[in-house]
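It should be emphasised that the depicted structure is a prediction, and the values quoted were computed from it without experimental measurement.
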Amino acid sequence: MKHWLALLLLLIAHTSVAQQQQTWEQVWQEVMMPEDVEEEGWAAYYDQLQQLADHPIDLNHTTREDLEQLPFLSEQQVMDIIEYLDRYGPMRSMNELKMIRSLDYQQIALLPFFVYVGEVAREEPRFPSLQNITRYGKHTVTATGRVPFYERKGDQNGYLGYRYRHSLRYEFSYGNYVKAGLIGAQDAGEPFFANQNSWGYDTYSYYIQVKKLGILENAVIGKYKVAAGMGLVLNTSFQLGKLATLQNMGRQTNTLRAHSSRSEADYFQGAAATIKLSKPLSVTAFASYRPIDATLNSDGTAATLITSGYHRTPTEIRKKYNTHLSAYGGSIGYRQNGLHLGANAVYTHMDRTLQPNTKTLYRRYYPQGDRFFNASLDYGYTHYRFAISGETAMNKEGAVATLNTISFQPSGDLSLVAIQRFYSYKYSGLYAHGFGNSSRTQNESGLYLGFTWQPLAHLHLQGYADYAYSAWPRYQAAQASHSWDMLLQGDYRLSRWNLTLRHRTRLQQKDNASKTTLIPSNEHRTRLVAAYSSDAGWTGKTQADYAYSAYKTTSQGWIVSEQVGYQQKTWQANLTLGYFHTDDYASRIYLYERQLQHEFSFPSYYGNGLRLALFAQLSLNDNLRLSTRLGYTNYFDRTSIGTGLQEIAQSHVTDLDLQLRWRF
């Protein structure tokens, strides 16, 4: 009866379908594959895009460096936008973007959230005076909290703090010239103004950033992130998923930006600056000293570095900031007439020796010691039809990693990309996040081929095939192994309808039960989406996902979901309803829901149950905005949820998220 009721609710919701103006999150989630990347990586990516959306780029006063901040643009697309502005002068309307043939429909849909067409100044803009910055700068205060209507086992006995999750964010900005921020965040179960958190929140992030101050192109004091080359030496931001890589044709951005999220992973703390020595030549340098959590061995060495940021129990508190990292490095880059060359290096010192358990074969060449050094050369050439880029890196042991891409656009309707990679199993880098199958830039070689094609006016196809080989044992594979990853997606768009069909196949090799040989581990995922929109402020989307997994045993799962939204000038609402049924965790299903600003999650579901989420947002006036999200999950196949201290002694959970944003 519960199953039929869930399906009936989905059908009822679909009858009221119709489009609001989409948010950038709703557009971008079409190319997200959460099974590719850890949630920390997606959270960092989301934070970067949110910051860019909060401070959009004026196309009539932009530079190549500004546009390269947008990670979904390829090198050709950045160059084409700049050449269009040089040739035809200032843009008068965002509709002119459609004249740039290299931009496909997804870029056209995303760009309005991150760029705008400003007025043409009579003179070149200059760095503002301190008086103008203090007088006309914008302040934003955002308070966010989560109220769970349940108790975990640790809330009763185990966690040192209460069960409420909350954060407070202050940001100041003056255009794209000056930014400053302070973010305090608290996870559920962490002590507040108690234990080691005598300053209140469990974690803080803070920064001051200045751009375009004479030869000082960019500078940050506080917590920040750095990315250079193709990410083989320096990339404390994230690694794109393979479908998202098709959007930028394998381009890696050189960025220096503030760390403005609540994440405690992959950031530097100190100072960094990019100096423009001349038009083609720039130098970036940074110095960092930061604490990090670590699991210690009995002799006081560090077994693993922990980036989860959880400090809820006495054990987790003892690990908090028990190790420190000092890092120094930078890059130098030359860019002229489509050619770019660069050199990158980073040196790190730890106050403890890093000594992982190398008795397990796949950990044999994990980073070890207390001093680390990586250096690389990156290179490339951009033509209006093709782009070549790459990076070759080496660590202090002499092991090599190289990543090279070539993209070709024979016409405005077709783009091709090839990405070759070789990461020695002896190569390691503490800040390396290169393109590949795993979060470790190590023990992998492969070739990725992808395409985007618009054969008809309303039909857009994209897909890739990726082969990878690991010469050394890896997790769940005690000997050399290989894998295939293939995807094909089609989008058919009319004025009101959008139909999407996606299928992904992953063929891997993993250990058998006795770990004596490798056996196939195959996974298939299919998604069908139908969306309809109207001009009356409504939006609706019906989605069906299917997953099949075969490794030792077979399992399958599916979910049917409906999203309905409505938007007016001062308020908006969005309802998500999904019914899921999977055999086990291997066939888990992911479901995207509308999020509060600066909050990110892409949860997975397995078993049998119903998911309901209601998002609402009200603009109380021009400066004050209230947002809320109510989430409810009911499992039909269990009497408790979770394990250990996270166990909830009931079959359903309800969370209420609240956010108040004041801008003045």
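- In I221, the CD1 atom is not crowded: 12 or fewer heavy atoms of neighbouring residues, nucleotides or ligands sit closer than 6.0 Å.
- Taking the side chain as every heavy atom from C-beta outward, Y224 and Y267 never approach each other to under 4.5 Å.
- Using cut-offs of 30° and 60° for the angle between ring planes, the F580 and Y635 rings count as perpendicular.
- Within the 3.5 Å criterion, the main-chain N or O of G490 finds no donor-acceptor partner in the side chain of Q462.
- Checking side-chain atoms of N60 against main-chain N and O of M91 turns up a donor-acceptor pair under 3.5 Å.
- Between the T255 side chain and the R257 main chain, no donor and acceptor come within less than 3.5 Å of each other.
- Q568 places no side-chain N or O within donor-acceptor distance of the main-chain N or O of T570, the cut-off being under 3.5 Å.
- A donor-acceptor pair under 3.5 Å is absent between the side-chain atoms of S198 and the main chain of A194, judged by distance alone.
- Using the six-membered ring where Trp is involved, W497 and Y532 have ring planes that are tilted, between 30° and 60° apart.
- Ion pairing of K541 with E562 is absent here, as no side-chain N (NZ or NE/NH1/NH2) approaches a carboxylate O to less than 4.0 Å.
- Ring pair W558/H581 is parallel by interplanar angle, where below 30° counts as parallel and above 60° as perpendicular.
- Looking at Q77, its side chain never comes within 3.5 Å of a backbone N or O of I81 through a donor-acceptor pair.
- Counting only heavy atoms from C-beta outward, the side chains of Q543 and D545 approach each other to under 4.5 Å.
- Contact check on R629 versus E593 returns a salt bridge, with a Lys/Arg side-chain nitrogen under 4.0 Å from an Asp/Glu carboxylate oxygen.
- Although no hydrogens or angles enter the test, the distance criterion places a donor-acceptor pair under 3.5 Å between the side chain of R169 and the main chain of S260.
- Taking the six-membered ring where tryptophan is involved, the planes of Y164 and Y162 are tilted, since the angle between them lies from 30° to 60°.
- Although no hydrogens or angles enter the test, the distance criterion places no donor-acceptor pair under 3.5 Å between the side chain of Q563 and the main chain of R594.
- No more than 12 heavy atoms of other residues, nucleotides or ligands shown are found within 6.0 angstrom of OH on Y310.
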Quiz item: For H652 and F149, what are the C-alpha separation, side-chain angles and deciding distance, and is it a side chain to side chain contact (heavy atoms under 4.5 Å, CB included)?
Solution: CA-CA 10 Å; H652 62 276; F149 295 95; over 6 Å; no

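- Y492 has its side chain out of reach of N498: every pair of non-hydrogen atoms, C-beta onward, lies at least 4.5 Å apart.
- Side chains of T452 and H460 form a contact here, defined as non-hydrogen atoms less than 4.5 Å apart.
- Under the 3.5 Å distance criterion, the side-chain polar atoms of R262 are matched with a main-chain donor or acceptor of Q186.
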Quiz item: Checking side chain to side chain contact (heavy atoms under 4.5 Å, CB included) for the pair S173/V178: CA distance, chi angles, key distance, verdict?
Solution: CA-CA 5 Å; S173 66; V178 179; over 6 Å; no

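- Between the side chains of E190 and N197, no donor N or O sits under 3.5 Å from an acceptor N or O.
- Salt-bridge check for R165 with E599: passed, with a basic side-chain N closer than 4.0 Å to an acidic carboxylate O.
- At least one donor-acceptor pair closer than 3.5 Å links the side chain of K225 to the backbone N or O of D266.
- F114 and F72 have tilted rings, their planes meeting at an angle from 30° to 60° on a 0 to 90° scale.
- Residues D202 and K320 form a side-chain contact, since some pair of their non-hydrogen atoms from C-beta on lies under 4.5 Å apart.
- Between the side chains of Q595 and D657, no donor N or O sits under 3.5 Å from an acceptor N or O.
- Ionic pairing of R146 and D187 is not present here: no N-O contact between side-chain nitrogen and carboxylate oxygen is shorter than 4.0 angstrom.
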Exercise. For side-chain hydrogen bond (donor to acceptor under 3.5 Å, both in side chains), just list the numbers for R290 and Q269, CA-CA rounded to whole Å, side-chain angles, deciding distance to a tenth of an Å, and then say yes or no.
Key: CA-CA 6 Å; R290 60 157 295 194; Q269 181 175 269; over 6 Å; no

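- Side-chain atoms of H311 and N195 include no donor-acceptor pair closer than 3.5 Å.
- Residues L67 and L59 form a side-chain contact, since some pair of their non-hydrogen atoms from C-beta on lies under 4.5 Å apart.
- By the 30° and 60° cut-offs, the orientation of the rings of Y566 relative to W571 is tilted.
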